[in-house]
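Quick notes on the structure that follows.
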Amino acid sequence: MVGIRALKKIWFDGKLVDWDAAQVHVLTHGLHYAYAVFEGIRTHDTPRGPAIFRLSEHIDRFLSSAKIYRMKLPYSGPDLAKACVDLVRANEIPTAYIRPIAFSGYGEMGLDPTKSPVQVAVGEWEWPAYLGAEGVERGVRATVSSWVRMDSRSLPPQSKSAANYANSALAKMEAVVGGYDEAILLNSAGMVAEGPGENVFRVKNGIVSTPPASSGILRGITRDTVIQFVAHEGIRFQRTDFTREELFTADELFYTGTAAGITPIREVDGRLIGNGSYPIVKRLQQRYEDAIHGRNPAYNAWLTYVA
Ligand SMILES: Cc1ncc(COP(=O)(O)O)c(C=O)c1O
């Protein structure tokens, strides 16, 4: 079985503990009722040692996710940022994925989460590109899911809550069982929303577009990064809804996400996207690689060096 390779430490309820000591009880409230919010952050190798990419934006989103669920975190934003830095330092891994999570802990069962204490942990593990290095290079095969992305009348997509990932997992499994690499979910209006763990972008006639936050998506931090890159590249950009058929007729399509990076979509439901080349995606990927690895001083403010 392929598993996570154990690192040295996990930050758990305020302190660094040994990897194997970071355990919870099976009657942990959040495990049963998905009352949990989390983040996905990356640290990358740079000439000045490991650096965490856009840490403050991830911490802000973590606090917003908790606020939406009336979850009172027992730590401040600076405490949580320091927890991430301390963890990266302790594990001595230059390139890794960092996972802060807050959840209703062991206390009471039953739906009301306010009766259980909020516990917070930050884990870290080595995670190569989520959709594969070959996917980043050559593009992945996607399918439009039969599962509709939940919207903010049922589960708020702008909170990175564990509950949302049941919807994501259904779409992901359907895609994989069908022989695809990844899903694209439509929203309840039939417009493109996002991937199970990625935002979606389209390129047509030299214009880059992505669905607006009102389409029921997570406001991706990589999405924001790419929107800024597009401006810096002098490429035209629109935040706009698009339909399933506008996926098929795109010149280029791509996913963005902390886990997935910038991954082109080669094919959607058996239709080759454009002519199978990704000139704009490649420009954005180059900028992204330079930014995360500290090779472009213009993006230095996005890096938190841990050394
Ligand atoms: C549903 C969903 N959409 C979009 C994203 C991309 O967000 P980010 O770029 O902040 O990782 C993610 C990943 O966190 C996600 O889970």
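Below, all heavy atoms of this structure are taken into account, side chains as well, without hydrogens, waters or symmetry copies. Counting starts at 1 for both ligands and their atoms, following the listed order.
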Which ligand 1 atoms are under 4.0 Å away from a heavy-atom of [X]?
X: Gly257; value: 6 (C), 9 (O), 11 (O)
X: Gly220; value: 7 (O), 8 (P), 9 (O), 10 (O)
X: Glu194; value: 1 (C), 2 (C), 3 (N), 4 (C)
X: Ile221; value: 8 (P), 9 (O), 10 (O)
X: Thr258; value: 8 (P), 9 (O), 10 (O), 11 (O)

Looking at ligand 1, is there an atom of it that comes within less than 4.0 Å of some heavy atom belonging to [X]?
X: Arg61; value: yes
X: Arg54; value: no
X: Lys160; value: yes
X: Pro196; value: yes

Notebook entry, point to check: For Tyr97, is the NZ or CZ atom of Arg42 found under 6.0 angstrom from the centre of its six-membered ring and inside 45 degrees of the ring axis?
Noted result: no

Run the salt-bridge test on [X] and [Y] with the 4.0 Å N-O cut-off and return the result as yes or no.
X: Glu182; Y: Lys172; value: yes
X: Asp224; Y: Arg54; value: yes
X: Arg99; Y: Glu39; value: no

Checklist line | Centroid-centroid under 6.0 Å between Phe38 and Tyr165 rings | finding: yes

Item checked: Donor-acceptor contact below 3.5 Å, side chain Tyr288 vs main chain Gly261 -> no

Next item on the list: Give a yes or no on whether the backbone of Ile221 and the side-chain of Thr225 come within a donor-acceptor separation of less than 3.5 Å.
Entry: yes

Next item on the list: Could you check if a side-chain atom of Leu247 sits within less than 4.5 angstrom of a side-chain atom of Leu253, using non-hydrogen atoms only?
Entry: yes

Note to self: With salt bridge (charged side-chain N to carboxylate O under 4.0 Å, His left out) as the criterion, how do Glu92 and Lys8 come out once you've worked through the C-alpha distance, each side chain's angles and the decisive distance to 0.1 Å?
What the structure shows: CA-CA 9 Å; Glu92 298 177 295; Lys8 289 181 196 163; 2.3 Å; yes

Notebook entry, point to check: Below 3.5 angstrom, do we get any N/O pair linking Arg149 and ligand 1?
Noted result: no

Next item on the list: Indicate yes or no: does an N/O atom of Thr222 lie under 3.5 Å from an N/O atom of ligand 1?
Entry: yes

For [atom], find the nearest protein heavy atom and state the residue, atom name and distance (0.1 Å precision).
atom: atom 16 (O) of ligand 1; value: Tyr165 OH, 2.4 Å
atom: atom 6 (C) of ligand 1; value: Asn199 OD1, 3.6 Å
atom: atom 12 (C) of ligand 1; value: Gly197 O, 3.2 Å

Margin query: Among Glu198, Arg42, Gln158, Glu57, which one puts a heavy atom closest to atom 4 (C) of ligand 1?
Written below: Glu198

